[in-house]
Amino acid sequence: MSLLVGVLSLAAGLNAQRAEAQSDFFRRLGLGGGSKSASQAAVGALDDSQVITGLKEALAKGVQQAVTNLGRSDGFLRDLEVKIPLPDAVKKAERSLRFLGQDQLVDNFITTMNRAAEQATPQAAEVLASSIRQLSVADAQSILRGTNNAATQYFRRTSETNLYAKFLPIVQQATASAGVTSAYKQMAGQAGPMLSMLNRDNLDLDGYVTRKALDGLFLKMAQEEKRIRENPLARTTDVLKKVFGSVAP
């Protein structure tokens with residue numbers, strides 16, 4: 001909450017834009033983002049439609065939070081939970097490169113990978129929204145009574161392959177514009193024999209960045225889901241309060 005208050009105080013204009021983007025995101029899901037219709041839906045007995053609405057709101061809220069936080073400058077780079085590190089194959093050369101005073105080359109490569117993930121992340125919103133819309137009543141009932149990250153686990157299990165296929169071209173474009181491949185080649189060129197055991201052309205940098213970007217996205221979604229489940233103050237609409245309150249310990 002303190003972070004939100006600080007952002008509201010320092011960047012009211014930016015938050016207005018984000019609020020509008022969030023409102024549009026929820027409208028695309030047919031939820032209203034805590035609108036009057038959502039509040040009215042919470043009146044009376046808890047039924048299947050309310051469970052579906054509550055779960056969709058929770059997922060949408062998690063997606064919006066993750067996309068907003070990660071899809072900005074330093075969203076990945078300055079968050080140690082999701083920062084994309086060097087690929088394991090390249091780590092073998094990192095110590096030697098840094099020992100030889102090539103810190104800037106290594107740091108530049110790490111930065112460009114994370115910048116690519118930051119550029120690609122906002123484009124994932126519609127793909128994720130489409131998956132949320134397909135949540136069934138049976139899925140929702142199971143998820144509602146599941147673990148603190150049951151919704152995110154279901155989301156990842158049923159959607160990750162499709163998300164990867166749709167996300168990869170965005171990452172490929174982003175990595176090209178961010179200079180990931182050229183940064184790697186420059187670093188590998190300086191490493192010389194230290195990377196001789198690697199086939200540089202076969203190192204799938206786009207696939208690596210895509211997987212790490214999705215890992216970060218799902219991690220942030222899971223954290224938001226857990227927050228909604230455990231913290232009544234995080235349930236910002238009547239339907240969220242009623243649905244998750246019904247299974248509160």
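Note that this is a predicted model, so its numbers are computed, not measured. No hydrogens, no waters, no symmetry mates; every other heavy atom, side chains included, goes into these values.
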>> Could you report the tightest heavy-atom contact between Leu59 and Ala151, atom names first, then the distance?
In response: CD2-CB, 3.8 Å
>> Less than 4.5 Å apart, side chain to side chain, heavy atoms only: is that true for Phe109 and Leu205?
In response: yes
> Roughly how far, to the nearest 0.5 Å, is the CZ atom of Phe76 from the CE atom of Met113?
Replying inline: 12.0 Å
>> What's the separation between atom CZ in Arg227 and atom CG in Leu233, rounded to the nearest 0.5 Å?
In response: 9.0 Å
>> Between Gln64 and Thr68, does the side-chain hydrogen bond (donor to acceptor under 3.5 Å, both in side chains) criterion hold? Intermediate values first, please.
In response: CA-CA 6 Å; Gln64 184 65 36; Thr68 298; 3.3 Å; yes
>> Is it the case that the side chain of Arg229 and the backbone of Leu144 share a donor-acceptor pair, with hydrogens and angles ignored and the cut-off at 3.5 Å?
In response: yes
> For Lys83 and Ile110, what are the C-alpha separation, side-chain angles and deciding distance, and is it a side chain to side chain contact (heavy atoms under 4.5 Å, CB included)?
Replying inline: CA-CA 9 Å; Lys83 181 179 180 180; Ile110 294 173; 3.8 Å; yes
> Can you check whether Ala138's main-chain N or O pairs, donor with acceptor, with Ser142's side chain at less than 3.5 Å?
Replying inline: no
> What's the shortest heavy-atom distance between Arg133 and Lys56, and which atoms?
Replying inline: O-NZ, 3.2 Å
> Less than 4.5 Å apart, any side-chain heavy atom of Leu135 and any of Ile143?
Replying inline: yes
> Does Gln223 CD have over 12 foreign heavy atoms under 6.0 Å away?
Replying inline: yes
> Hey, is the main chain of Asn108 close enough, under 3.5 Å, to the side chain of Thr112 for a donor-acceptor pair?
Replying inline: yes
> Considering only heavy atoms from C-beta outward, does the side chain of Ile84 approach that of Tyr208 to under 4.5 Å?
Replying inline: yes
>> Using side chain to side chain contact (heavy atoms under 4.5 Å, CB included), reason through Arg156 and Asp215 one step at a time and then give a plain yes or no.
In response: CA-CA 10 Å; Arg156 185 163 198 166; Asp215 285 346; 2.3 Å; yes
> Between Val209 and Ala116, what is the shortest heavy-atom contact and its length?
Replying inline: CG1-CB, 4.4 Å
> Any salt bridge between Glu118 and Arg72, counting N to O under 4.0 Å?
Replying inline: no
>> How long is the straight-line distance from CD of Glu160 back to CG of Leu163, given to the nearest 0.5 Å?
In response: 7.5 Å
>> How close do Gly62 and Glu224 get, counting heavy atoms only, and between which atoms?
In response: CA-CG, 3.5 Å
>> Restricting to non-hydrogen atoms, name the atom on Thr152 and the atom on Ala222 that form the minimum distance, rounded to 0.1 Å.
In response: OG1-CA, 3.4 Å
>> Exactly one of Asn149, Asn148, Asn231 should register a side-chain contact (heavy atoms from CB on, under 4.5 Å) with Lys226. Which one does?
In response: Asn148
> Val82 versus Leu70: any side-chain heavy-atom pair under 4.5 Å?
Replying inline: yes
> If you take all heavy atoms of Lys220 and Asp79, which pair is closest and at what distance?
Replying inline: NZ-OD2, 2.8 Å
>> Working to the nearest 0.5 angstrom, can you tell me the gap between Ile170 CD1 and Gln172 CD?
In response: 10.0 Å
>> Is it the case that the side chain of Asp204 and the backbone of Gly207 share a donor-acceptor pair, with hydrogens and angles ignored and the cut-off at 3.5 Å?
In response: yes
>> Rounded to the nearest 0.5 Å, what separates atom CZ in Arg211 from atom CG in Asp206?
In response: 10.0 Å
> Is it true that Lys61 and Glu225 make a salt bridge, defined as a side-chain N closer than 4.0 Å to a carboxylate O?
Replying inline: no
>> Nearest 0.5 angstrom please: Leu55 CG to Asp139 CG, how far?
In response: 9.0 Å
> Given side chains that start at C-beta, do those of Arg115 and Ser73 come closer than 4.5 Å, heavy atoms only?
Replying inline: yes
> Taking it one step at a time, do Gln141 and Arg145 satisfy side-chain hydrogen bond (donor to acceptor under 3.5 Å, both in side chains)?
Replying inline: CA-CA 7 Å; Gln141 292 284 3; Arg145 291 164 177 77; 2.7 Å; yes
